[in-house]
Amino acid sequence: MGEVREVSISLDGVRDKNLMQLKKLNTALFPVRYNEKYYADVLASGEFTKLAYYSDICVGSIACRLEKKENGSVRVYIMTLGVLAPYRELGIGSRLLNHVLDLCSKQNITEIYLHVQTNNDDAINFYKKFGFEITETIQNYYANITPPDCYVLTKYIQTHTKK
């Protein structure tokens with residue numbers, strides 16, 4: 001009695017039956033409309049895409065795509081990561097990103113990257129806390145939002161290769 005119950009944050013995979021929740025989140029979170037290829041990539045990415053629930057309310061998500069590089073290795077592209085404004089600063093975005101970083105490490109994936117609008121200081125600072133660095137600037141990356149430029153943020157991951 002008298003114990004303070006912490007509100008639980010849980011992660012769940014994205015499947016056909018809950019894909020609409022991700023679509024609604026994306027509409028609320030991002031100035032870009034995502035096409036069917038995005039959602040096909042989401043469903044194909046397995047554990048690399050998650051919905052975040054705060055006390056059973058869907059409040060955030062991370063969606064990644066696995067890409068094969070020319071040398072045959074795989075890298076992860078973070079297509080979207082977002083948390084609804086009232087639920088920010090509660091560790092939900094960190095939990096989502098750490099989930100993907102842990103998967104990369106376990107699967108010996110050494111590179112993860114994303115695009116961020118150049119004026120999105122909150123996102124840039126968030127990713128820098130996790131060791132991402134700005135590796136490129138792309139002019140006119142976005143078609144219908146201002147500013148149209150983006151940074152590419154990249155993190156190289158130490159993997160746990162068994163000897």
Side-chain angles (χ1 to χ4, degrees), residues 5-69 73-117 120-135 141-142 150-161:
R5 186 169 120 11
E6 282 195 30
V7 179
S8 69
I9 298 167
S10 59
L11 303 184
D12 191 21
V14 176
R15 301 173 289 287
D16 282 328
K17 71 176 188 171
N18 62 6
L19 189 63
M20 189 51 72
Q21 286 192 296
L22 179 62
K23 289 182 178 186
K24 287 178 181 173
L25 267 177
N26 284 348
T27 299
L29 288 168
F30 303 112
V32 175
R33 294 293 150 256
Y34 292 96
N35 61 22
E36 289 310 307
K37 179 177 181 344
Y38 167 94
Y39 291 103
D41 287 342
V42 160
L43 292 172
S45 73
E47 285 292 302
F48 285 90
T49 295
K50 290 288 183 185
L51 293 171
Y53 293 85
Y54 179 88
S55 287
D56 300 325
I57 303 164
C58 187
V59 298
S61 66
I62 189 166
C64 301
R65 178 175 68 224
L66 301 176
E67 299 178 345
K68 211 168 209 140
K69 293 170 65 174
S73 66
V74 173
R75 68 179 178 174
V76 171
Y77 174 63
I78 300 175
M79 298 187 293
T80 54
L81 167 59
V83 175
L84 295 173
Y87 300 93
R88 292 183 187 151
E89 303 295 322
L90 298 173
I92 298 167
S94 296
R95 175 95 181 265
L96 287 163
L97 184 54
N98 277 324
H99 168 78
V100 169
L101 292 174
D102 288 347
L103 279 176
C104 288
S105 187
K106 287 176 185 162
Q107 296 186 24
N108 291 324
I109 295 170
T110 59
E111 183 182 349
I112 184 167
Y113 78 106
L114 63 135
H115 295 95
V116 175
Q117 206 173 358
N120 192 342
D121 292 333
D122 288 346
I124 293 163
N125 292 329
F126 172 78
Y127 287 108
K128 282 185 171 179
K129 284 192 296 193
F130 288 86
F132 284 78
E133 296 176 357
I134 295 172
T135 52
Y141 179 77
Y142 297 107
C150 79
Y151 293 127
V152 176
L153 274 70
T154 306
K155 177 179 175 76
Y156 295 98
I157 300 165
Q158 298 293 332
T159 59
H160 307 295
T161 357

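With a 4.5 Å cut-off on side-chain heavy atoms, Leu25 and Phe30 do not count as touching. Counting heavy atoms from C-beta outward, Thr49 and Ile62 have side chains that stay 4.5 Å or more apart. Counting heavy atoms from C-beta outward, Gln21 and Asn18 have side chains that approach closer than 4.5 Å. Val59 has its side chain out of reach of Tyr53: every pair of non-hydrogen atoms, C-beta onward, lies at least 4.5 Å apart. Contact of the Phe132 side chain with the Val116 side chain is not registered, since no non-hydrogen atoms from C-beta on lie closer than 4.5 Å. Using a 4.5 Å heavy-atom threshold, the side chains of Val42 and Met79 count as touching. With a 4.5 Å cut-off on side-chain heavy atoms, Ile109 and Ile157 do not count as touching.
Contact detail for Thr135 and Thr154: the closest heavy-atom pair is OG1-OG1, 2.9 Å. The two residues Val76 and Cys64 make their nearest non-hydrogen contact at CG1-CB, 3.7 Å. The two residues Leu84 and Ala28 make their nearest non-hydrogen contact at CD2-CB, 4.0 Å. Across every non-hydrogen atom of Ala52 and Ile92, the tightest pair is CB-CG2, 3.5 Å.
With sequence neighbours excluded, no residue forms a salt bridge (charged side-chain N to carboxylate O under 4.0 Å, His left out) with Asp102.
Leu97 CG to Lys155 NZ: the interatomic distance, rounded to the nearest 0.5 Å, is 8.5 Å. Between Ile9 atom CD1 and Leu90 atom CG the span is 6.5 Å, to the nearest 0.5 Å. The distance from atom CG of Asp12 to atom CG of Leu51, rounded to the nearest 0.5 Å, is 6.5 Å. Taking NZ of Lys17 as the reference point, atom CG of Leu19 lies at 13.0 Å (rounded to 0.5 Å). In this structure, the separation between SG on Cys150 and CD1 on Ile124 is 10.0 Å, given to the nearest 0.5 Å. Here CG of Leu103 is found 11.0 Å from CG of Asn98. Values are rounded to the nearest 0.5 Å.
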**Message:** If you apply the rule side chain to side chain donor-acceptor pair (under 3.5 Å), what do you find for Thr80 with Tyr34, and how did you get there?
**Reply:** CA-CA 10 Å; Thr80 54; Tyr34 292 96; 5.6 Å; no
**Request:** Dump the intermediate steps for side-chain contact (heavy atoms from CB on, under 4.5 Å) on Thr27 and Arg33, then the final yes or no.
**Result:** CA-CA 7 Å; Thr27 299; Arg33 294 293 150 256; 4.1 Å; yes
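Donor-acceptor pairing under 3.5 Å is lacking for the side chains of Tyr151 and Glu133. In this structure, a donor-acceptor pair under 3.5 Å is present between the side chains of Asn26 and Tyr39.
In this structure, Arg75 contributes its side chain and Ser73 its backbone to no donor-acceptor pair below 3.5 Å.
Residue pairs that meet the salt bridge (Lys or Arg N to Asp or Glu O under 4.0 Å) test with at least one member in residues 35-55, sequence neighbours left out, are Lys23-Glu36, Lys37-Asp41, Asp41-Arg65, Glu47-Lys50. The stretch residues 74-95 participates, sequence neighbours left out, in these ring pair (Phe, Tyr, Trp, His ring centres under 6.0 Å) pairs: Tyr54-Tyr87, Tyr77-Tyr113, Tyr77-His115.
Around atom CG of Asn35, more than 12 heavy atoms belonging to other residues, nucleotides or ligands sit under 6.0 Å away.
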